[in-house]
Enquirer: 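Can you read through this structure? Questions will come right after.
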Amino acid sequence: MEKAPNKPQLLDKIRRSRAKLDALLASMDPLLMTRPGATGDWSVKDVLAHITWHEREMLNVIRAHSLVGSGLWDLPLDQRNAVIYNKNKDRALKEVLDESATIFKALTQALQTLTEEDLHDPSRFPNMPPDWQPWDLFAQNTYEHYQDHLSDLQAWLAENPRG
């Protein structure tokens, strides 16, 4: 596990990692963003909807100041991802892009309301296991998640530069 960041460091990591993802998305032709195959059968749009689902879940945790979330967390990873994909696969690209921007902005604003103690003390979030660190939960579902998908998307884009 990485060294626990303070709040400014956490926010900086989230913003910098997301800026890399956003720059890649901005460089892509919209038609390419909807082509399956960017990650398995998923398009770039599907990956972004998946990332946004995780961000929304973290936003809900922060707003409730409790470990709350979708029942999808109870499913094995592959099943959870399949449900998220199926709920989003027919959505318009613009809708997914707009929602992603809105949720990211709300998430970073919500993170700013947390104290250092909130980020480092799981007891401040009811239902959170005592061996979890809130900052690590947020990291896993933001900048670490962006980085995981960014490398896949970059590799795919290198093979499909024009669509």
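Remember, it's a predicted structure, so these values are computed and weren't measured experimentally.
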Enquirer: Please lay out, stage by stage, how Leu24 and Val44 fare under the test side-chain contact (heavy atoms from CB on, under 4.5 Å).
Expert: CA-CA 10 Å; Leu24 181 69; Val44 172; over 6 Å; no

Enquirer: With distance as the sole test, does Glu116 use its side chain to make a donor-acceptor pair with the main-chain N or O of Lys7 at under 3.5 Å?
Expert: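 Pair found, side chain donor or acceptor close to backbone of Lys7.
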
Enquirer: Can a donor-acceptor pair be found, under 3.5 Å and without considering hydrogens, that links the side chain of Ser17 to the backbone of Ile14?
Expert: no

Enquirer: Might you point out which heavy atoms bring Trp156 and Arg35 nearest each other, and give the distance in Å?
Expert: CZ2-CD, 3.9 Å

Enquirer: Using modelled atom types and a 3.5 Å cut-off, is there a donor and acceptor pairing between side-chain atoms of Thr52 and backbone atoms of Leu48?
Expert: yes

Enquirer: Taking only residues two or more places apart in sequence, or in another chain, which ones meet Asp12 in a side-chain hydrogen bond (donor to acceptor under 3.5 Å, both in side chains)?
Expert: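 Once residues adjacent in sequence are excluded, the partners of Asp12 under the side-chain hydrogen bond (donor to acceptor under 3.5 Å, both in side chains) criterion are Arg16.
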
Enquirer: With a 3.5 Å distance limit and no angle check, can you tell me whether Trp132 reaches the backbone of Pro122 through a side-chain donor-acceptor pair?
Expert: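 Answer holds: no.
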
Enquirer: Is there a side-chain contact between Trp135 and Leu114, using heavy atoms and a 4.5 Å cut-off?
Expert: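 In short, these two side chains do not touch, never coming nearer than 4.5 Å.
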
Enquirer: Could you tell me the separation between the CG atom of Leu21 and the CD1 atom of Ile51, rounded to the nearest 0.5 Å?
Expert: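 Taking CG in Leu21 and CD1 in Ile51, the distance rounds to 5.0 Å.
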
Enquirer: State, with a plain yes or no, whether a side-chain heavy atom of Leu157 is found less than 4.5 Å away from one of Ser27.
Expert: yes

Enquirer: Please round to the nearest 0.5 Å and tell me the distance separating atom OG1 of Thr142 and atom CG of Leu59.
Expert: 12.0 Å

Enquirer: Between Thr115 and Arg124, does a side-chain contact (heavy atoms from CB on, under 4.5 Å) hold up when you go through it step by step?
Expert: CA-CA 10 Å; Thr115 65; Arg124 297 176 72 96; 3.8 Å; yes

Enquirer: Glu99 and side-chain contact (heavy atoms from CB on, under 4.5 Å): which partner among Glu55, Arg56, Lys94?
Expert: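 Exactly one pass, corresponding to Arg56.
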
Enquirer: Please name the pair of heavy atoms, one in His120 and one in Pro5, separated by the smallest distance, quoted to 0.1 Å.
Expert: CE1-O, 3.0 Å

Enquirer: If only atom types and distance count, is the side chain of Lys45 paired as donor or acceptor with the main-chain N or O of Arg91 below 3.5 Å?
Expert: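 Yes: the side chain of Lys45 pairs with the backbone of Arg91.
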
Enquirer: Are the side chains of Pro76 and Asp78 in touch, meaning some heavy atoms are under 4.5 Å apart?
Expert: no

Enquirer: Counting only N and O atoms by type, is there a donor-acceptor contact under 3.5 Å from the side chain of Glu57 to the main-chain atoms of Ser70?
Expert: yes

Enquirer: Mind checking the NE2-CG spacing from His50 to Asp46? Nearest 0.5 Å is all I need.
Expert: 10.5 Å

Enquirer: Stepwise, does the side-chain contact (heavy atoms from CB on, under 4.5 Å) test hold for Phe138 with Leu119?
Expert: CA-CA 9 Å; Phe138 301 137; Leu119 292 175; 3.9 Å; yes

Enquirer: Can you name the closest pair of heavy atoms from Ala38 and Ser43 and give their distance?
Expert: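 Looking at all heavy atoms of both residues, the closest pair is CB-C, 3.8 Å.
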
Enquirer: Measure across Phe104 and Arg15 and return the closest heavy-atom pair with its distance rounded to 0.1 Å.
Expert: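 Scanning both residues, the minimum pair turns out to be CZ-CA, 4.3 Å.
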
Enquirer: Who passes side chain to side chain contact (heavy atoms under 4.5 Å, CB included) against Ala64, sequence neighbours left out?
Expert: Ser66, Val68

Enquirer: Heavy-atom distance under 4.5 Å between the side chains of Trp53 and Ile103, does that happen here?
Expert: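 Of all side-chain heavy-atom pairs linking Ile103 with Trp53, none is under 4.5 Å.
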
Enquirer: Locate the shortest heavy-atom distance separating Leu11 from Thr108; write the atom from each residue and the value.
Expert: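 Answer, listing the atom of Leu11 first, then Thr108: CD2-O, 3.9 Å.
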
Enquirer: Could you tell me the separation between the CZ atom of Arg80 and the CG atom of Leu75, rounded to the nearest 0.5 Å?
Expert: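 Those atoms lie 7.5 Å apart.
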
Enquirer: Quick check on Asp41: does its CG atom have over 12 non-hydrogen neighbours (other residues, nucleotides or ligands) under 6.0 Å away?
Expert: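 Open: at most 12 neighbouring heavy atoms sit under 6.0 Å from CG of Asp41.
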
Enquirer: If we ignore hydrogens and angles and just use 3.5 Å, is the side chain of Gln9 paired with the main-chain N or O of Asn6 as donor and acceptor?
Expert: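 At least one qualifying donor-acceptor pair exists.
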
Enquirer: Over 60° means perpendicular and under 30° means parallel, so classify the ring planes of Trp42 and Tyr85, tilted if in between.
Expert: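 Taking Trp42 first and then Tyr85, their aromatic rings lie parallel (interplane angle under 30°).
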
Enquirer: Nearest 0.5 Å, please: how far is NE2 in His145 from CZ in Arg18?
Expert: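 One gets 11.5 Å once the value is rounded to the nearest 0.5 Å.
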
Enquirer: With distance as the sole test, does Asp121 use its side chain to make a donor-acceptor pair with the main-chain N or O of Glu117 at under 3.5 Å?
Expert: no

Enquirer: Would you check if Ile84 and His54 make a side-chain contact, meaning some heavy-atom pair closer than 4.5 Å?
Expert: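 Side chain of Ile84 against side chain of His54, heavy atoms only: contact under 4.5 Å found.
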
Enquirer: Determine, step by step, whether Asn81 and Leu77 satisfy the side-chain contact (heavy atoms from CB on, under 4.5 Å) criterion, reporting the C-alpha distance in whole Å, the side-chain angles of both residues, the deciding distance to 0.1 Å, and the verdict.
Expert: CA-CA 6 Å; Asn81 286 342; Leu77 178 63; 3.6 Å; yes

Enquirer: Measure the CG-CG distance between Asp29 and Asn160 for me, rounded to the nearest 0.5 Å.
Expert: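 Spacing of CG (Asp29) from CG (Asn160) equals 12.0 Å.
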
